[in-house]
Amino acid sequence: MMCSLAAVAAVVYTDMRFVEPNWLGLGVHRVPLLPAGSERIRILQISDLHASDDVPLDFIEHAVELGLQQKPDVVCLTGDFITLRWDEWNAYSRILERLSKIAPTFGTTGNHDGGESLVSRGGYHRPTKVIEMLEKANVRVLMNASCNVALPHKNPFELVGFGDLWSNDFVPGELLSPRSEKIPRIVMSHNPDTKDDIERSDWDLMLSGHTHGGQLTLPWGSTPFAPVKDKRFVRGLHQWQNHWLHITKGIGSMRNMRLNCFPEISMVELVPMA
Ligand SMILES: [Fe+2]
């Protein structure tokens, strides 16, 4: 009996540590936000890259290459580019620049990119280095800012990016005031718990990460370690109130462990309403 338990534990550990974290997939979701007859808009979302000793740049480049193969119209990078510290900024920038060369690429930061709470753990006080790296890669950083995205032969939409909640950089201000022009309004916000602060505001779809999909999913489906208050929304596409939420499982993970929760890049397609 003891031998079989030890064998099961060894198999589970091998899967968690050496198989799942390296088995990158593609999640595809469709959100009906466009007028009938419109061309779909394909948004590639990549999040929680977590460059570190556990997640080398080779793996991040593998994710970027998988993303490039999808031929996205727009790319959204939703935070946690590093785990604590990083040195190879130029190499990182060159990898992300591959995305901005093929499509308009936008980004916002996560709680691991810089913040007061990281300093005692060896992280950065502010996400300055990450932002510099993104700008060098021609990624437009939206930190409590918005812009209209107009693609050739596609309907325009508005993209709003927020700073991170745990880093005290989440400042909605007037960015989600009622729209005068009814084009889709897409929000990038690393932590999906931010939805509660903007529940009554005017927006359509939030793109988040942060949870790593729960990272460790127990056999009965619960995700007790997901770092969010609202554990109903830790991965995938959901309708909530009169909004849509998409939470990607992300690329990297903490301590390089995943269980029943493979890493992913996500393709979120805006499609016509029925
Ligand atoms: Fe993360």
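If you read the sequence from its start, that first residue is 1, and numbering goes on from there. In each ligand, atom 1 is the first atom listed, and ligand 1 is the first ligand listed.
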> In Asp48, which N, O or S atom comes closest to the Fe ion (ligand 1)?
OD2
> Testing Thr194, Asn111, Asp48, Asp164 one by one against His210 for a side chain to side chain donor-acceptor pair (under 3.5 Å), which residue passes?
Asn111
> Would His212 count as a contact for the Fe ion (ligand 1), in the sense that one of its N, O or S atoms lies under 2.8 Å from it?
yes
> Among the N, O or S atoms of His50, which one sits nearest to the Fe ion (ligand 1)?
NE2
> Asp80: which N/O/S atom is nearest the Fe ion (ligand 1)?
OD2
> Is the ring centre of His190 less than 6.0 Å from the ring centre of Trp166?
no
> Counting backbone and side-chain atoms alike, is an N, O or S atom of His112 positioned under 2.8 Å from the Fe ion (ligand 1)?
no
> Under 4.0 Å between a side-chain nitrogen and a carboxylate oxygen: does that hold for Lys195 and Asp230?
yes
> Return the orientation label for the His212 and His50 ring planes: parallel under 30°, perpendicular over 60°, tilted otherwise.
perpendicular
> Are the ring centres of His243 and Trp203 closer than 6.0 Å?
yes
